[in-house]
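The structure appears below as structure tokens.
Computed from heavy atoms alone, side chains included, the values below leave out hydrogens, waters and symmetry copies. On a predicted model such as this, the values are computed, not experimentally measured, just so you know. First listed ligand is number 1; within each ligand, the first listed atom is number 1.
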Amino acid sequence: MATTILNGRELAQTLLKEQTEKVAELVRKKGRPPGLAVVLVGEDPASRTYVGSKRDSCRKAGIYAPDINLPVDTPQSVIEEKIDQLNRDPRVDGILVQLPLPKQIVKDEILYRIDPGKDVDGFHPVNVGRLVIGMKTLAPCTPTGIITLLDRYGLSIAGKHAVVVGRSLIVGKPMALLLLARDATVTICHSRTHDLQGETRRADILVAAIGRAHAITKDHVKPGVVVIDVGMNRNAEGKLVGDVDFQGVFPLSSAITPVPGGVGPMTIATLLENTIRAFCLHEGLPHP
Ligand code: NDP
């Protein structure tokens, strides 16, 4: 069976070109670019890298992306004041607080303080609620990026049996809701699922968001499956590996994402998309 590699890195480049053109058009129309404030608290090396990539991609597309870096011992009240200020700032359409936050910070109080109209991560209860109801909303970037990846590769979703392994608020749950909104029949699995293999072997579309290297093997899939590997794990040699045993699963799948270069780049591309969407919302322009 010929297997398509779902190349998220390449698609993200295409999207960046499209977004750059879109941003230029918006500047012509409204006299300002969309703005995204990525807030970094502390010096965590992985977070610094992620934040750097997010800001770089924004700037490449022409999006206003100020550096907001706060020291690791910043008190809760100071971060909250910063969020309030960004909520009021007319140059800022999107606010993202990089996780994890230092241990003295109550994360949810920070995330829920962000204006839902600027919540480009889609974590605010208002946006989660809109997603559940089936309204247009700012939905979390990783699962939204996966839907874009499937669409751009022409892989149909409606009527397919999608199995999502993982039920986090960042990936698993919104993924299941987005697939459901596209008329898939959805099963959600988690650490207490009795017969994981039995469930995953029924999948036409299998999304692995577990956080355990190579948890999904050839014994978990049926021939022809479309496999989306969200996992980002470090193996013993420090190499980035997915939740799926790519070598074993590849020959059985009709399409599969690599790690790295699959879902990861689509997450950042979708962050830019959500920022543009938030801008259109604020400026009263039609938005997808
Ligand atoms: P969480 O740890 O929040 O969730 C993991 C989920 O997997 C939980 O629902 C858990 O079940 C389930 N799980 C754990 N072990 C098993 C098992 N043995 N069998 C079945 N289910 C299991 O992780 P995230 O959702 O935040 O992230 C998942 C992975 O995706 C990580 O590797 C993360 O790094 C990566 N990631 C990648 C992104 C990207 O852009 N590529 C973005 C975000 C995350 P339970 O609820 O019962 O505990």
Side-chain angles (χ1 to χ4, degrees), residues 5-12 15-16 38 44-47 49-54 56-57 96-101 107-108 111 120-123 128 131 139-150 162-179 186-203 206-217 219-221 227-236 238-246 249 256-274:
I5 295 202
L6 303 172
N7 189 332
R9 187 171 289 141
E10 202 173 84
L11 178 54
L15 292 174
L16 184 64
V38 181
D44 177 67
S47 293
T49 307
Y50 294 142
V51 165
S53 313
K54 289 170 186 174
D56 279 357
S57 294
L96 179 155
V97 177
Q98 184 65 41
L99 301 176
L101 285 165
K107 177 192 79 176
D108 287 351
L111 297 183
V120 284
D121 255 340
F123 296 158
V128 176
L131 184 61
C141 295
T142 300
T144 304
I146 290 169
I147 298 286
T148 307
L149 190 66
L150 293 171
V163 176
V164 179
V165 190
R167 56 174 165 179
S168 73
L169 290 171
I170 297 177
V171 191
K173 275 185 193 157
M175 183 78 259
L177 288 165
L178 288 169
L179 289 163
V186 182
T187 301
I188 307 176
C189 301
H190 46 78
S191 67
R192 307 291 293 274
T193 297
H194 276 300
D195 178 14
L196 184 65
Q197 272 191 24
E199 299 295 343
T200 55
R201 283 177 75 90
R202 292 193 294 128
L206 176 61
V207 181
I210 305 166
R212 251 187 352 114
H214 296 179
I216 300 293
T217 68
D219 299 326
H220 290 82
V221 298
V227 180
I228 306 292
D229 189 352
V230 185
M232 293 201 309
N233 314 288
R234 296 273 164 200
N235 69 8
K239 202 175 145 227
L240 194 64
V241 293
D243 288 348
V244 176
D245 169 20
F246 186 89
V249 171
I256 185 167
T257 57
V259 176
V263 172
M266 292 303 296
T267 299
I268 297 194
T270 308
L271 176 64
L272 272 60
E273 206 65 47
N274 275 357

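Checked by atom type and distance alone, the side chain of T142 never pairs as donor or acceptor with a backbone atom of V171 at under 3.5 Å. Distance alone, capped at 3.5 Å, places no donor-acceptor pair between the D243 side chain and the D229 backbone. In this structure a side-chain-to-backbone donor-acceptor pair under 3.5 Å is missing from D121 to C141. No donor-acceptor pair closer than 3.5 Å links the side chain of S57 to the backbone N or O of K54. Remark: side-chain polar atoms of N233 are paired, donor with acceptor, to backbone N or O of G242 under 3.5 angstrom.
In the candidate list E199, M266, M232, R234, M232 is nearest to atom 32 (O) of ligand 1, counting heavy atoms. Scanning P143, P260, S191 for the heavy atom closest to atom 10 (C) of ligand 1 points to S191. For atom 20 (C) of ligand 1, the nearest non-hydrogen atom from the set R167, H190, M175, K173 belongs to H190.
Here the CE atom belonging to M175 is positioned 5.0 Å from the CD1 atom belonging to I146, to the nearest 0.5 angstrom. Interatomic distance, OH of Y50 versus OG1 of T267, reported as 10.0 Å (0.5 Å rounding). Atom CG of L169 is separated from atom CZ of F123 by 8.5 Å, given to the nearest 0.5 angstrom. The CG atom of D195 sits 9.5 Å away from atom CZ of R202, with the distance rounded to the nearest 0.5 Å. If you take CG on L196 and NE2 on H190, they are separated by 10.0 Å, rounding to the nearest 0.5 Å.
In terms of protein heavy-atom proximity, atom 36 (N) of ligand 1 is closest to V230 O, 3.7 Å. Nearest non-hydrogen protein atom to atom 1 (P) of ligand 1 is S168 CB, 4.1 Å. Atom 31 (C) of ligand 1 has its closest protein heavy atom at G211 CA, 3.6 Å. For atom 16 (C) of ligand 1, the nearest non-hydrogen atom of the protein is I210 CG2, 3.6 Å.
By the 3.5 Å distance cut-off applied to N or O atoms, T267 is counted among the residues near ligand 1. Considering backbone and side-chain N/O atoms, V171 never comes within less than 3.5 Å of an N/O atom of ligand 1. For ligand 1, none of its N or O atoms has an N or O atom of R192 under 3.5 Å away.
The heavy-atom pair separating C189 from E199 by the smallest distance is SG-CB, 3.7 Å.
Residue-ligand proximity, R212 to ligand 1, at heavy-atom distances under 4.0 Å covers atoms 18 (N). For ligand 1, the atoms closer than 4.0 angstrom to any heavy atom of A209 are 5 (C), 6 (C), 7 (O), 28 (C). For ligand 1, the atoms lying closer than 4.0 Å to a non-hydrogen atom of G166 are 6 (C), 7 (O), 9 (O). Atoms of ligand 1 lying under 4.0 Å from any heavy atom of N233, numbered from 1 in the order shown and given with element: 32 (O).
Residue-level proximity to ligand 1 for V165 is carried by the side chain, the only part with a heavy atom below 4.0 angstrom.
Assignment of G264 to the shell around ligand 1 is supported, since a heavy atom sits closer than 4.0 Å. The shell of residues lying under 4.0 angstrom from ligand 1, judged by heavy atoms, includes T142. Ligand 1 has no atom lying under 4.0 Å from any heavy atom of G172.
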